[in-house]
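In what follows, chains carry the letters A, B, and so on, assigned in the order in which the sequence lines appear, proteins first and then strands, with residues in each chain numbered from 1.
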There are 2 protein chains.
Amino acid sequence: MRIGELSRATGIPVPTIKYYLREGLLPAGELSSPNQAAYGEAHVRRLRLVRALVDLAQVPVAQVKEIVASLDADDVPLHDQIGRAHRALIPARKQTASAEAREVATAEVRELLQRRGWQVEADGPALATLIETVATFHTLGQQNLVGFLDAYAAAVEQFTELEVEAVTAHPTRDQVAESVVIGTILGETVISSLRLLAQESISARRWS
Amino acid sequence: MRIGELSRATGIPVPTIKYYLREGLLPAGELSSPNQAAYGEAHVRRLRLVRALVDLAQVPVAQVKEIVASLDADDVPLHDQIGRAHRALIPARKQTASAEAREVATAEVRELLQRRGWQVEADGPALATLIETVATFHTLGQQNLVGFLDAYAAAVEQFTELEVEAVTAHPTRDQVAESVVIGTILGETVISSLRLLAQESISARRWS
DNA sequence: CGTTTATGGATACTGATACTATCCATCGGA
DNA sequence: TCCGATGGATAGTATCAGTATCCATAAACG
């Protein structure tokens, strides 16, 4: 397959594919001569994944690069590879809350993890984001939202158990890593959409 | 309060505050003379909200403008105002999936809503995003993820009931609308962080 | 075999977003 | 009275995500 066919197969313009190649979102094709490369089904799959992340999940290109790099790093133990993919999925966020608010939030989150018996890295980005957000609840005068943490955590626990199970059931390791990425990122847009729909449905029922 | 004090109170540079004023994220201060305006506590609150949305939740400035406009539109029935706020919270996404995939996804989502008895607008953006995402599961060869829809919906139902209840319990209508915005947007980052932490904790337990 | 079209690679340009910087006439406080 | 801050306008900057152009070469067609 040459680049034009790759473009037709995916609906992505040739210049954009060239851009993705430059940025390392897509591995180079097999070169047969200095200006002739062959692409395969793997490239089509990869491009579809990139587009889903960029267009649907609105993941920045730089972050997509990290994500696909983790998918291609299959020369380490599977567990390490999944860890790397998982880390690449978490966006960096600016710290915004005051130090005092963050301290209060840190304590609240720590207690939550204790209550639920969750064992997580003490300095991971997901934990930092959670703490920052809870701290922001305080600075915005929405302390009552802190009370929802347990309800959210309990709900999340339910399906996460199933997700982890499903992921480990995949036959090949490429599929395992890829399904971690897709399941986590697109799963988030699913959950978010469902939440908005549930809010709409429930509040409509309450007002009629 | 003059703009310098507003800047000191929030930690936001004066030029940025001027930019937010220009963009309509912040209402103008009370003008006492052509180059002298007074800002109040409401401005401090609003700036904190804007910063939380922009920095923490990474909402684009143009969308924040819609959101705050909905908060200020308190001359319509509360129910309409909340509807407008709710709509402003849903980002627009490009359509990416093929027509066939979208058709399959539409049927699957429709059945889901039927099963759960959710009554929602047939052409809302949240529904469109959900359909688009399910369609993408198909084009990425991750049909198995469609099986998670019920688990996600069931989990989401649990806490949404509580959320709607809590929101309606607020004493004043500004607080109602504002807590819809904060609860929905920051609630999403909380849920997302908790999900990642749960994944980390559960998969660590499974591999040790 | 010659001509048109496509290709890989490099470099330059574009439009959108989110600020920053500068300017200026005016105002308020020491 | 005079110096720094203010409101408002306009211009400049950095980053991001592509697009566009150019070129020498290679493939496809008549």
Side-chain angles (χ1 to χ4, degrees), chain A residues 1-40 43-44 46-68 91-94 96, chain B residues 1-40 43-44 46-47 49-68 91-96:
Chain A
M1 218 188 308
R2 296 197 307 282
I3 202 171
E5 303 172 70
L6 190 55
S7 168
R8 251 161 281 133
T10 58
I12 301 171
V14 171
T16 305
I17 296 178
K18 286 185 172 187
Y19 167 64
Y20 289 160
L21 284 166
R22 281 202 301 281
E23 295 298 311
L25 305 198
L26 188 67
E30 187 90 1
L31 275 180
S32 61
S33 54
N35 69 332
Q36 216 62 201
Y39 304 93
H43 290 91
V44 176
R46 174 55 54 86
L47 270 181
R48 285 208 239 271
L49 174 62
V50 166
R51 267 304 107 126
L53 296 180
V54 168
D55 286 344
L56 194 58
Q58 325 215 108
V59 178
V61 165
Q63 200 187 331
V64 173
K65 183 180 173 169
E66 299 293 312
I67 292 170
V68 304
R93 283 176 225 254
K94 278 182 226 162
T96 244
Chain B
M1 222 190 303
R2 295 199 307 283
I3 202 171
E5 303 172 70
L6 189 55
S7 168
R8 251 160 283 133
T10 58
I12 301 171
V14 170
T16 304
I17 297 179
K18 286 186 173 188
Y19 166 65
Y20 289 161
L21 285 165
R22 281 201 301 282
E23 294 298 312
L25 305 198
L26 189 67
E30 187 90 2
L31 275 179
S32 60
S33 52
N35 69 333
Q36 216 62 200
Y39 304 92
H43 291 91
V44 175
R46 175 56 55 85
L47 270 180
L49 174 62
V50 166
R51 268 301 105 133
L53 296 180
V54 169
D55 287 344
L56 195 57
Q58 326 216 105
V59 178
V61 165
Q63 199 187 331
V64 173
K65 183 180 172 169
E66 300 293 310
I67 292 171
V68 304
R93 282 176 226 254
K94 278 182 227 161
Q95 291 213 342
T96 245

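A donor-acceptor contact under 3.5 Å is not formed by the side chain of R22(B) with the base of dT17(C).
Distance, I17(A) CD1 to dA6(C) P: 15 Å, rounded to whole Å. Put simply, CG on L26(A) is 13 Å from P on dG18(D), counting in whole angstrom units. Between the CD1 atom of I3(A) and the P atom of dT19(D) there is a distance of 14 Å, rounded to whole Å. Regarding L25(A), its CG atom lies at a distance of 9 Å from the P atom of dA17(D), rounded to whole Å. Straight-line distance from the CD atom of E23(A) to the P atom of dT15(D): 14 Å, rounded to whole Å. Put simply, CZ on R51(B) is 11 Å from P on dA18(C), counting in whole angstrom units. The distance between atom NZ of K18(B) and atom P of dT6(D), rounded to the nearest whole Å, is 9 Å. Rounded to whole angstrom, the span from the CE atom of M1(A) across to the C1' atom of dA27(D) amounts to 18 Å.
Side-chain contact check for L47(A) versus R51(A): every heavy-atom pair is 4.5 Å or farther apart. Between S33(B) and N35(B) the shortest side-chain heavy-atom distance falls below 4.5 Å.
Looking only at distances, a side-chain donor or acceptor of E5(B) sits under 3.5 Å from a matching main-chain atom of R2(B). A donor-acceptor pair under 3.5 Å links the side-chain atoms of S7(B) to the main chain of I12(B), judged by distance alone.
Between K94(B) and A37(B), it is A37(B) whose nearest contact on DNA chain D lies nearer the 5' terminus. Where P34(B) and P13(B) meet DNA chain C, the nucleotide closest to each residue was compared, and P13(B) sits on the side nearer the 5' end.
With values rounded to the nearest 0.5 angstrom, I17(B) atom CD1 is found 12.0 Å from L25(B) atom CG.
Residues Y39(A) and R46(A) have side chains that never bring a donor and an acceptor to within less than 3.5 angstrom of each other.
Listed pair Y19(A) / dC16(D) fails the phosphate criterion, with no side-chain N or O lying under 4.0 Å from OP1 or OP2. Residue Y39(B) places no side-chain N or O under 4.0 Å from the OP1 or OP2 atom of dT6(D).
Ranking dG9(C), dT19(D), dG7(D) by closeness to the L31(B) side chain, first place goes to dG7(D). Closest to the side chain of P60(A), out of dA17(D), dA21(C), dA18(C), is dA17(D). Closest approach to the T16(B) side chain among dA20(D), dC19(C), dC27(C) is made by dC19(C) (side chain taken as heavy atoms from C-beta onward).
Nucleic acid contact class of V54(A) (heavy atoms, under 4.0 Å, all strands): sugar-phosphate only.
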Between the protein and nucleotides 28-30 of chain C, which nitrogen or oxygen pairs come in under 3.5 angstrom?
none

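Exactly one of D55(B), L49(B), V50(B), L56(B) qualifies for a side chain to side chain contact (heavy atoms under 4.5 Å, CB included) with L53(B). That residue is L49(B).
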